[in-house]
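What follows is one structure encoded as structure tokens, with my remarks underneath.
First the proteins, then the strands, lettered A, B, ... as listed; each starts at 1.
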Amino acid sequence: MVDVSIAQLLFVSFAIFSIGAGGFLIRKNAISLLICLELMLNAVNIAFVSFSRLHNNESGTVLYFFVITVAACETAVGLAIVLNLFRLKKNIRIQEANALRG
Amino acid sequence: MMEFAFYLVAGLMLLSAGLVAFRPKPIESALWLILHFFLTSTLYVFIGADFVAVVQLLVYAGAIVVLITFVILLLNLNPQEISGGESIRWTSTVLFLCSLGAVLFCLHISTPSLLEKMPAPGSSFGSIEAFSRTMIQNYSWSFEVAGFLLLLALIGVGLLAYRRPSTRDHSNIENKSEAA
Amino acid sequence: MEDTTILWLFLLGKIVLFFSVVFGAVAPIMIWVERRVAGLVQDRYGPNRVGPFGLLQSLADGIKLILKEPLIPQGVRKPYYLLAPILAVVPAALSFAVIPFGPPTTLGGMFETPQRLQIANLNVGLIFVMTVTSLSVYGVALAGWASNNKFSVMGALRASAQMISYELAAGLAIVSIIMLSGSVDLMRIVESQAGLWHIFPGFLAFLVFLPAIYAETNRTPFDLPEAEAELVVGYHTEYSGIKFGLFFLSEYSIMTTVSAIAVLLFFGGWNLLPGLNWADIGIDIQNSMIGTLIAVSWFAAKVAFFLFLFVWVRWTLPRFRYDQLMGLGWKTLLPIAIFNILIIAGFMVFA
Amino acid sequence: MDASLKILSGVAVILPLLGSCIWFWAKNKIGEKITGLAATGTLVISFICCLTLFWQIESSARVEFFSWIWMGSSELVNFSFLLDPLSLALGLIVTGVGSLIHLYATGYMHGDEGFGRFFSYLNLFIFAMLMLIWSDSMPGIFMGWEGVGLCSYLLISFWFSDEANATAGKKAFIVNRVGDFGFLVAMFCIFKAFGTLSIPEVLAIVNSGNLDIVQVGWTQWACLGLVLGAAGKSAQIPLYVWLPDAMAGPTPVSALIHAATMVTAGVYLCCRLQPLFFLNPGVMELIAYIGGLTALFAASIAIFQNDIKKVLAYSTISQLGYMFLAVGLAAPVAAYFHLMTHAFFKALLFLGAGSVIHGLHHEQDMRKMGGLRKQMPITFWTMTIGVLAIAGTPPFAGFFSKDEILHIVSGSHRGLLSNIAFVTAFMTAFYMGRLWIMTFFGKSRGHREAHESPWSMTAVLCVLAALSAFGGLLNWPELWGGNAWLEHYLGQVVTQMDVGHGADALEDSLKLAGFSSLMGLGALGLAWWKYRDYQTQDFRSPAFNLFKNKYYIDEFYDAVIVRNLKRSGEFLWKVVDQGILDGTLNGLAYQAKKTSERFRRLQNGLLQGYALWIWLGVLILMISAWSVR
């Protein structure tokens, strides 16, 4: 068991979240978007578990479990959508999937 | 020594996250993601949450990234199909930097209590019994909803991915060249 | 308490012993056994030229593979081509860490308190094993895709799909066993089988678990990916030399792991017989060195029987067609496994 | 007795109404001749009813029919007739002259495709006129008032296919409406003052004398309104412009409506509500001056008109001026007497002019006439009697009625008015003489052979000639040994200013009569001298085109009122409606569209754009949460 402060853990979590978010904004293809999304969710999980460790009760980990469920569903559906996008447009460039606009 | 191990793992995690986000080829970022998840589970072990570490591996590394890798491999995209068009680079970099700065600033002047070392957890922290007892007792209703959500996702994906035999086109198989 | 150095030494000893046995001894012997049994089944001699009864044949093959020229075909996605075998072997090796091959002993007085004959004492042992088996899919998928030819891609696709679906069935079977034993730690599971092996109440679970592990290791009835006739050799067509050897090694190590798990979960690990325990016949497996050895060898014998079962099944059952294979996995094994969970729950409540 | 009165008056009024509906469709079914005779027949029957009513009723009678529910107040206005000397006398004239003119019209309108329609309008007019005269409540009168205005519009623009006639009709109607507005204001004031609108009750309250100041004030406004109404209907100074243009209608119409009946409605109204006028003498003075001025003004224009009908129209206006002068000087009987005689000889003159026009195939310009003495002898002799009557030569009706008015005007010691009266009398004689000579004497300037009118027209002319010859007998002044029948008959209802009956009064009246008849004959001689061998020349003086163009009154009205009205209308339309109302509305919509346009661009479909905005939001939330902790 490593004794480490919550601030360090939070810093790690937020840094990873920023990297994920930055990637999400910068990358141009749909799958990288999903991967960056996974990164962000993972960062959130780190925060959950570290707070659960700080307060020493298991709710954090339970929430971690629910986040994982959501992530799994989200990835599955996201990939299905990417698949359809690919079938439709023969490419998965995000810039070109902008039909749904004002 | 353990301190050093924590910093090492944290540094590697950041590095792998950076590589995941900014490597051009999706397959590479997927593999780096697997490494990242391994490092994350070691971080959890450091914190003492063993069950979470294993579940992380089992679910994330073992299932979700497999799915992603599968799609990347099967779609077998060639470069111009993936990236193209100008993306909003400069705004994101600016945003990213300033947010990072904001966080550091917050952590820096945050209350001293945050900076202290965390007390050692209770003996049963991180074990399956503690986890399952909390979940089933306090969060049973959300547990059911999570199950239902998975069912929905299942059906959704089924519907989305289903292609009527007539519409299946086999064009994307022949003209594949150098893959991602 | 023991001073730590001895413990570290003991740990090192366990690692060296275990890996040398599994990689060094079990794999070559298994290869030899398989070829001899294949021969006998097909009414011919197996390899008997190299060494007495051809025992050294697998050693010769190993040396041949190691010394072969590392040929990398052109047009192959080089980085991933090389990464694939590693990704195949590492998970296989990782799973040994958790398997207890003997009762907690003091090795005849070397230690005051009985130490576990287990490399890593994880209290989430069984889930770790499941995780590792699911990781092995990467190796296969990457190999098929990296070698850049249609057959290997098809092979990789089929292999990974098969492994993923049968992992589900195996997982649910294991869940019912966990319910029986009440704990996820393998050592605890074996101790809970002292009175009654899990095979009896969880026979249905075993019935699901067995085909699942055959599919997991792409062995005979489910070895569609390497089906020589249709897909040449499947995902490792382009591999030769030590890379091919590594794939072979990973296959056999996963087989040993899985059979060990089968023994641990259903056949009571190192317990003598369902009703009878070592203590009853006077052997103290905990403190006397000889007792421990007897227990370990009894456990090894059971594992050997399962390995033999693998080989035996391979040369007798015909191959499944792909849709039959997937149908079996999703439409029969999974429902039975889920139904079995209900049965076990009933058994535990009323028995 | 009351029942028979009810039947008679009912028949007299309802018959023309029914008739007007029938003739409208009957034209091509039962042929022209029969419709003409039938229409005249209805008029004759209602004339006979009037006559019997006249014999039966001594003073006055009130016939109730049914009651209108008056909106608002519970005051019930019942639809009933007030048959007293005033209304019966005028009723006789209306139906009598009306039937004569109907007979004349059958000849005049022969062959016109709108024959049936013409007679239905005429009958409708008679119905409306009777309603106006006989109904006892102001709304009743007003209904008749409007009906008459409508019929005059319909009849003026009878040949509506011609643009000029249509505009003339519209002009008449609009100017009348201005007058009606005055009438309405009067009605409101009366209702405000007395709370009731039926005339007997109003007059009873006024005669009872216990009126407070407020009520008198309201009556003053009422009288002004009535004057405006009367001026509109009887074509006095401000609102006379429509009458000359009304000549666009067929001649019988001009004869009936614009000579005999409708134009007299104003005079009748003032006589009917005389007690009201007595309350405020200022208004009486106003009426007198309006009458005098109109008479002079119209006479001066009539001298220079070349169209025969225009001359007669302006002469009607000036004669009406005389009547208003009499009413203004509180001599309603004289006005009434002149009204009746004027109806006879003016109808005669109009119908004579009609037969001349008929003979010359719709030629109305006197400069193209001349020397018709021989071709149209009957028309010539009847027209001569008419001209002599209007000029005021002794034996004829015109002399007695005009002399009566002149006598009153000079008696009232108003210097200006009496001079005006005498000058107008001279001018009247002059322009009538000019007309008479230019049409019948001198060389025939017309290029076509004129033919005498058929018997139906000439017979009517003879009857009217007789009436205008012996009309004077109606009110032979007592001073000259007559029984002044009309004065006594109308005296029951209206009060006449007494001119005095002493010996010097007789002497004055004789002197006055002699002077006026001499003046008339002199004017005729002057006209004879001037126009005997008239070729084309006419007066050549700068004032000439001023008179010729009717003092540019029409242009003035157009410039002052009509154009401003149009301009203000346009302004309201363009600036207020379009500019302000629509402007604000459209402006708002436009702004909304503009802003939503801007926001729409925000949603550009770029997934990462949305993520950026979310991220910014999170950041802002984080910082604000942190700063507020």
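Between the side chains of Ser52(A) and Glu58(A), no donor N or O sits under 3.5 Å from an acceptor N or O.
Contacts between Val20(B) and chain A at a heavy-atom distance below 4.5 Å involve backbone atoms as well as side-chain atoms. For Phe24(A), no part lies under 4.5 angstrom from a heavy atom of chain B. Looking at Leu41(A), the atoms closer than 4.5 Å to chain B (heavy atoms on both sides) sit in the backbone and in the side chain alike. Proximity to chain B involves both the backbone and the side chain of Leu54(A), based on heavy atoms less than 4.5 angstrom apart. For chain B, the nearby part of Leu83(A) is the side chain; its heavy atoms alone come within less than 4.5 Å. Using a 4.5 Å cut-off between heavy atoms, Ala43(A) does not touch chain B at all. Residue Ile47(B) touches chain A through both its backbone and its side chain, counting heavy-atom pairs closer than 4.5 Å. Both the backbone and the side chain of Leu150(B) come within contact range of chain A, each with at least one heavy atom under 4.5 Å from a heavy atom of that chain. Residue Val70(A) touches chain B through both its backbone and its side chain, counting heavy-atom pairs closer than 4.5 Å. With a 4.5 Å cut-off on non-hydrogen atoms, Arg133(B) does not touch chain A at all. Heavy atoms of Asn42(A) lying under 4.5 Å from chain B belong to its backbone as well as its side chain.
Comparing Gly156(B), Ala49(B), Ser142(B), Gly48(B) by how many heavy-atom pairs each has under 4.5 Å with chain A, the most go to Ser142(B). Of the listed residues Phe37(B), Tyr7(B), Tyr139(B), Phe70(B), the one with more heavy-atom pairs under 4.5 angstrom with chain A than any other is Tyr139(B). Each of Ala21(B), Ser29(B), Ala10(B), Ala153(B) has some count of heavy-atom pairs under 4.5 Å with chain A, and the biggest count is that of Ala21(B). Counting heavy-atom pairs closer than 4.5 Å to chain A, the top residue among Tyr44(B), Phe46(B), Phe6(B) is Tyr44(B).
Put simply, the side chain of Thr69(A) gets close to the backbone of Phe65(A): a donor and an acceptor are under 3.5 Å apart.
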